[in-house]
Amino acid sequence: MPEILEAEIYRIAVDETVGRRIESFQIGDAAYVRDPGPDALVEQFVGSAVRATARHGKLVIVETTAGDIGLRFGMTGKVRVDGLAPIDALEYAPSTWNDDWNRFAVDFDTGSLVINDVRRLGSVEAEPDRDSLGPDAWGIGPTELAALCGRGRGAIKSLLLNQKKIAGLGNLLVDELLWRTSVAPHRPAGELTAHETRRIGEQIVPLLDELFAAGGSHCGAHVPERHVDGRCPVDNQALVHATVGGRSTWWCREHQS
DNA sequence: CCGGATGTTCACCT
DNA sequence: GAGGTGAACATCCG
């Protein structure tokens, strides 16, 4: 479940490689290098140097002297830089690191970067298009959110998860956000009151700041209750479970409406 | 042993 | 175009 917070933790780890030169790639899974393919990637980037790192939503970008390399981690992607993993345990992924799942690696003049991904839902892409993503969630406020909601008839949860609208929020963060702001996930985005929209918009950045400091997307208050017989930490009512926006969703019928 | 659950992205349908 | 559905992925659990 790397969501925006885990992507940022990964980016900080990858930032250690700034200034290094790319000597070779170890491509354990050719399909993982989605866009140009392995050969073109080698052609473009071997010999280049890392200039900086960036992040847009869940996309981590390695900016080199030969262009950008985009890293996406799907839900079970982990990273190691120089053999060290910034996050050992990932929700919904095995806690062990099995080298069979090393999909992609970069060998630098000193050190290495390895992506390990059991389910292969992540990918590597040259020159990823940041413009196809919405604005980064870590800068969204009430004004931006209100504009996005518009008269949309889709569920507010779907909108918040839509990376083309807002980049970075994943299933756990969205459930936590709606739980905190007392809005039921299936409510049509365009039918929220101005007050509700503002409440959600105002809470996105504080939520991200808080959970980043706490350690990640799984550190929300209601996340541990996402199971049968789970109870709302606020009023102790049984949480409701259903599919909303195609995703497993847990909410409190008592205080989210 | 099999079906379901798990989160993200993308292709495809209405 | 907006919105919804399901496939792909691999593993674990009941």
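By convention in this document, chain letters (A, B, ...) are assigned in the order of the sequence lines, proteins followed by strands, and residues within each chain are numbered from 1. Quantities reported herein were computed from a predicted structural model and do not represent experimental measurements.
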Student: Atom NZ of A/Lys164 and atom P of C/dG3: how far apart are they, to the nearest Å?
Tutor: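 Going from A/Lys164 (NZ) to C/dG3 (P), I get 13 Å.
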Student: Starting the side chain at C-beta, find the nucleotide from B/dT9, B/dT8, B/dT6 nearest to A/Ser248.
Tutor: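 The listed nucleotide nearest to A/Ser248's side chain is B/dT6.
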Student: Using a cut-off of 6.0 Å, state whether more than 12 heavy atoms not belonging to A/Gln44 lie near its atom CD.
Tutor: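 Yes, enclosed.
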Student: Taking the side chain of A/Met75 as its heavy atoms from C-beta onward, which of B/dT8, B/dC10, C/dG4 lies nearest to it?
Tutor: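 Nearest listed nucleotide: B/dT8.
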Student: If you take all heavy atoms of A/Glu125 and A/Arg72, which pair is closest and at what distance?
Tutor: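 A/Glu125 and A/Arg72 have their closest heavy atoms at OE1-NH2, 3.3 Å.
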Student: Does A/Arg72 reach a base, just sugar-phosphate, or nothing at all? Heavy atoms under 4.0 Å.
Tutor: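 No contact.
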Student: Atom CZ of A/Arg34 to atom P of B/dC10: distance rounded to whole Å?
Tutor: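 In whole Å, B/dC10 P and A/Arg34 CZ are 6 Å from each other.
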Student: Once you round it to whole Å, what is the distance between P of C/dA10 and CG of A/Asn98?
Tutor: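 Nearest whole value for this atom pair: 13 Å.
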Student: With a cut-off of less than 4.0 Å, is there a side-chain N or O of A/Lys58 near OP1 or OP2 of B/dT9?
Tutor: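 Yes, A/Lys58 has a side-chain N/O under 4.0 Å of OP1/OP2 on B/dT9.
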Student: Which part of the nucleic acid, if any, lies within contact of A/Gly245, taking any heavy atom under 4.0 Å across all strands shown: a base, the sugar-phosphate backbone alone, or nothing?
Tutor: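 Nothing: the residue A/Gly245, judged by heavy atoms under 4.0 Å, touches no strand.
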Student: Nearest whole angstrom, please: distance from the P of C/dG3 to the CZ of A/Arg187.
Tutor: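 In whole Å, C/dG3 P lies 16 Å from A/Arg187 CZ.
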Student: Does OP1 or OP2 of B/dT8 have a side-chain N or O of A/Arg247 closer than 4.0 Å?
Tutor: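 True: A/Arg247 side-chain N/O within range (under 4.0 Å) of B/dT8 OP1/OP2.
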Student: By nearest atom, which of the nucleotides C/dC9, B/dT9, C/dG4 is closest to the A/Arg120 side chain?
Tutor: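 Between C/dC9, B/dT9, C/dG4, the one nearest the side chain of A/Arg120 would be C/dC9.
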Student: Write down the distance between CG (A/Asp99) and P (C/dA10), rounded to a whole number of angstrom.
Tutor: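 One finds 17 Å between P of C/dA10 and CG of A/Asp99, rounded.
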Student: Nearest of B/dT8, B/dC10, C/dT11 to any side-chain atom of A/Val118?
Tutor: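 Per side-chain heavy atoms of A/Val118, the pick is C/dT11.
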Student: Which one, C/dG3, C/dC9, B/dC10, comes nearest to the side chain of A/Arg119?
Tutor: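 That would be C/dC9.
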Student: Compare the minimum distances between each of B/dC10, C/dG3, B/dT8 and the side chain of A/Lys165, then state the nucleotide with the smallest one.
Tutor: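 Nearest to the side-chain atoms of A/Lys165, counting from C-beta on, is C/dG3.
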Student: Heavy atoms under 4.0 Å, any strand shown: does A/Gly246 hit a base, just sugar-phosphate, or nothing?
Tutor: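 A/Gly246: no heavy atom of the nucleic acid under 4.0 Å.
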Student: Could you tell me how far apart A/Asp117 (CG) and C/dA8 (P) are, to the nearest whole angstrom?
Tutor: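 Atom CG in A/Asp117 sits about 17 Å away from atom P in C/dA8.
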Student: Considering residues, nucleotides and ligands other than A/Glu43, do more than 12 of their heavy atoms fall under 6.0 Å from its CD?
Tutor: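 Atom CD in A/Glu43 is not crowded, with 12 or fewer foreign heavy atoms closer than 6.0 Å.
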Student: Are A/Asp117 and A/Thr76 close enough that a side-chain donor and a side-chain acceptor fall under 3.5 Å?
Tutor: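 Short answer, yes.
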Student: Would you call the rings of A/His222 and A/Trp179 parallel, tilted or perpendicular if under 30° counts as parallel and over 60° as perpendicular?
Tutor: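 Correct class here is parallel.
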Student: Whole-Å distance between B/dT8 P and A/Ile166 CD1?
Tutor: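 Those two atoms, CD1 and P, are 14 Å apart.
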Student: Would you kindly give the CG-to-P distance between A/Leu161 and C/dG3, to the nearest whole Å?
Tutor: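 The distance from CG of A/Leu161 to P of C/dG3 comes to 14 Å, rounded to the nearest Å.
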Student: Among the candidates C/dA10, B/dT9, B/dT6, find the nucleotide nearest to the side-chain atoms of A/Trp101.
Tutor: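 Among C/dA10, B/dT9, B/dT6, the one nearest the side chain of A/Trp101 is C/dA10.
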